[in-house]
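Heads up: the structure comes next, in structure tokens.
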Amino acid sequence: MSDTKAIFTGDRCLSCTSCMANCPVMAAIKDYRGPKLVGPAHGRMHFSQEDVEESLNYCSNCKSCDRACPSGVAVSTLNMLQRAEYYKTHPHLRSEDMLAHGERMANLIRKIPFGATFSNLGMSIGKALGVFSALGIAGERNMPAYAATPFKDAFGSIKQQPSNKKVVLFTGCYINDNEPHVGNAFVKVFNANGYEVLIDRQFKCCGSPLVVTGFLDEARSHADNNVARILDWKRQNIPVVSPCTSCSLMLKEEYHELFGDDKFHEAATNVYDAFEFLELLEERGEFNDNFKPLNQKLLYHVPCHLKSQAIGLPAADILEEVGGVKVQLADAGCCGISGNYGFRKDKYEISMKIGAKLFERVKQGGFDKVICDCGTCRMQIHHGTDVKPVHPIEILAAAYA
Ligand code: SF4
Ligand code: SF4
């Protein structure tokens with residue numbers, strides 16, 4: 001299995017430039033030398049701390065290059081590995097430290113009485129006073145507001161029927177801290193399919209924000225922790241399911257590409273995207289399709305990190321089964337935010353330029369709701385259009401009476 005670790009894939013590069021033709025950042029900014037040059041070429045020739053490829057900083061880890069590559073080169077992960085080398089000899093900016101450690105920040109805030117309320121107020125004031133901009137965070141953006149109660153704290157009050165069919169919900173940071181209603185919808189949908197939902201408070205952030213900001217040792221420690229938990233659930237025959245496509249991609253694929261141990265492959269066999277799991281139930285004839293009609297036209301922005309999982313579009317397939325629901329694909333490429341990338345002051349304009357085609361499509365209208373499985377894509381669409389998208393599982397939850 002070791003040949004799927006990213007550093008072993010660079011030698012497969014054919015120099016075909018397909019990755020460059022499909023890189024949204026390269027199309028948006030001329031200073032970026034592009035995935036072939038900063039990924040396999042640079043990695044293969046050098047991959048050292050001394051030899052730095054400055055334009056690597058532009059890569060957003062959207063993974064469009066990986067999907068375009070005919071040779072299976074893990075271009076984006078090569079980029080992230082080299083970025084981590086860079087930060088061994090260069091200090092992180094304060095904005096990078098803040099954006100990489102959203103989970104740490106949320107935990108600190110939760111320890112203060114009314115911390116979420118004060119923090120949300122503080123973020124609004126901070127934005128108005130230009131504090132975020134001074135720290136290197138895009139002043140145009142609203143930071144995601146903290147929910148009054150995180151999902152994991154409210155979870156115990158959700159009433160569920162006990163069942164011998166169980167899944168563990170991997171909430172990820174965004175659903176836990178900012179959008180717990182998505183977690184509630186997940187529980188409703190899985191309960192309707194006869195599953196009892198568990199949570200595991202020992203899970204940490206999947207590590208995606210750490211990887212893209214070059215905190216690779218910390219990401220490795222999160223990966224070791226999370227994989228130990230996933231393997232423990234696997235021994236109990238209980239799958240781990242995530243409604244966040246960036247979390248599920250990290251757990252299923254990126255851990256192994258980055259770190260190589262076979263345990264990451266083994267753990268990946270026990271991790272599912274939420275709608276991937278529901279589609280598997282359907283294939284086994286175990287899916288509850290007793291829906292009430294909804295009569296909604298949905299515009300679906302498919303996140304890059306779902307496309308990278310190569311599992312098709314299970315959310316669209318399932319939602320089309322609800323009476324009166326029509327799903328139309330936005331088909332407008334990357335939204336441009338790529339996790340915390342678009343929150344960086346120096347990347348904001350690139351991020352908005354990449355998202356322009358999608359914003360245009362959303363502004364054309366002709367739908368009732370926009371759906372998207374990724375929390376940061378939802379933020380970007382809201383920011384670029386004033387249309388607030390929902391997670392597809394919220395639509396499915398509404399279809400179960
Ligand atoms: S991950 Fe995205 S931004 Fe980075 S090189 Fe690949 S296509 Fe370009
Ligand atoms: S698409 Fe793959 S093979 Fe082609 S240049 Fe890029 S990394 Fe090399």
Side-chain angles (χ1 to χ4, degrees), residues 5-11 13 19-20 23-26 28-66 69 73-102 104 135-138 205-224 246 249-250 253-260 304-305 336-351 354 376:
K5 189 180 177 189
I7 57 169
F8 295 108
T9 65
D11 286 342
C13 178
C19 54
M20 298 175 91
C23 173
V25 172
M26 202 175 169
I29 175 129
K30 63 177 177 28
D31 293 344
Y32 184 38
R33 296 183 70 214
K36 178 171 85 70
L37 294 173
V38 300
H42 184 74
R44 199 168 56 211
M45 307 272 297
H46 308 277
F47 224 112
S48 68
Q49 291 177 35
E50 294 77 29
D51 192 356
V52 168
E53 169 51 59
E54 291 285 350
S55 88
L56 180 62
N57 195 331
Y58 284 111
C59 174
S60 71
N61 200 33
C62 71
K63 299 190 169 288
S64 303
C65 48
D66 302 17
C69 177
V73 180
V75 191
S76 58
T77 302
L78 281 170
N79 290 355
M80 294 306 110
L81 289 168
Q82 288 180 78
R83 186 173 288 172
E85 289 296 319
Y86 173 89
Y87 281 108
K88 283 181 182 169
T89 51
H90 298 74
H92 280 97
L93 303 174
R94 279 176 72 187
S95 56
E96 291 166 338
D97 185 63
M98 281 175 68
L99 291 170
H101 295 96
R104 182 182 71 194
L135 287 171
I137 294 173
C205 164
C206 70
S208 178
L210 296 165
V211 170
V212 297
T213 28
F215 292 92
L216 201 61
D217 291 345
E218 236 181 296
R220 171 74 201 234
S221 120
H222 284 225
D224 286 336
S246 294
L249 182 67
M250 183 62 67
E253 191 173 310
E254 291 185 273
Y255 283 169
H256 188 269
E257 282 185 357
L258 289 159
F259 307 122
C304 293
H305 289 178
I337 196 161
S338 288
N340 62 36
Y341 184 85
F343 280 90
R344 296 168 60 156
K345 188 176 174 180
D346 60 336
K347 302 296 186 303
Y348 175 77
E349 277 184 28
I350 301 170
S351 160
I354 294 171
T376 51

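For reference, positions follow the sequence shown, starting with 1.
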Ring-plane angle category for F259 and Y255, please: parallel below 30°, perpendicular beyond 60°, tilted otherwise.
tilted
Rounded to the nearest 0.5 Å, the CD atom of E257 sits from the CE atom of M250 at a distance of 9.5 Å
Exercise. Within a radius of less than 6.0 Å around CG of D217, do more than 12 heavy atoms belonging to other residues, nucleotides or ligands occur?
Worked result: no
Margin query: Just so I know, are the side chains of Y86 and L56 near enough to count as touching, which here means a heavy-atom distance under 4.5 Å?
Written below: no
Under a 4.0 Å threshold between the charged nitrogen and the carboxylate oxygen, would K63 count as salt-bridged to E254? yes
- Message: Evaluate R83 against V212 for side-chain contact (heavy atoms from CB on, under 4.5 Å), listing each step before the verdict.
- Response: CA-CA 8 Å; R83 186 173 288 172; V212 297; 4.3 Å; yes
Shortest non-hydrogen pair, Y348 vs G342, comes out as CD1-O, 3.8 Å
N340 and P209 have their tightest heavy-atom pair at ND2-O, 3.7 Å
inquiry  = Tell me whether E349 at atom CD has more than 12 heavy atoms from other residues, nucleotides or ligands lying less than 6.0 Å away.
reply    = no
When you compare the side chain of M80 with that of N61, does any pair of heavy atoms fall below 4.5 Å? yes
- Can you find a heavy atom in the side chain of Y58 that is under 4.5 Å from one in the side chain of D31? yes
Scanning both residues in full, the closest heavy-atom pair of V38 with S55 reads CG1-OG, 3.5 Å
query = How about K347 and N57: do any of their side-chain heavy atoms sit closer than 4.5 Å?
reply = yes
Flag the pair P35 / M26 as yes when at least one side-chain heavy-atom distance between them is below 4.5 Å, and no otherwise.
yes
| Would you call the rings of Y87 and H92 parallel, tilted or perpendicular, where under 30° means parallel and over 60° means perpendicular? | parallel
Note: G10 and P40 closest approach over all heavy atoms is O-CB, 3.9 Å
So CG of L258 and CG of L78: to nearest 0.5 Å the spacing works out to 10.0 Å
Closest non-hydrogen atoms of V25 and S60, given as atom of the first, atom of the second and distance, are CG2-OG, 4.0 Å
- Message: A side-chain contact here means heavy atoms from C-beta on lying under 4.5 Å apart; do Y32 and C59 qualify?
- Response: yes
The reported gap from CG in L210 to CG in L99 (rounded to nearest 0.5 angstrom) is 11.5 Å
Quiz item: Hey, does L93 have a side-chain heavy atom less than 4.5 Å from the side chain of M98?
Solution: no
For this session: Answer yes or no: is there a side-chain heavy-atom contact under 4.5 Å between T376 and S338?
Result: no
When every non-hydrogen atom of C65 is compared with those of C19, the smallest separation belongs to CB-CB, 3.6 Å
Under 3.5 Å donor-acceptor, S64 side chain and C23 backbone
no
Interatomic distance, CE@M20 vs CG@L37, rounded to 0.5 Å, equals 4.0 Å
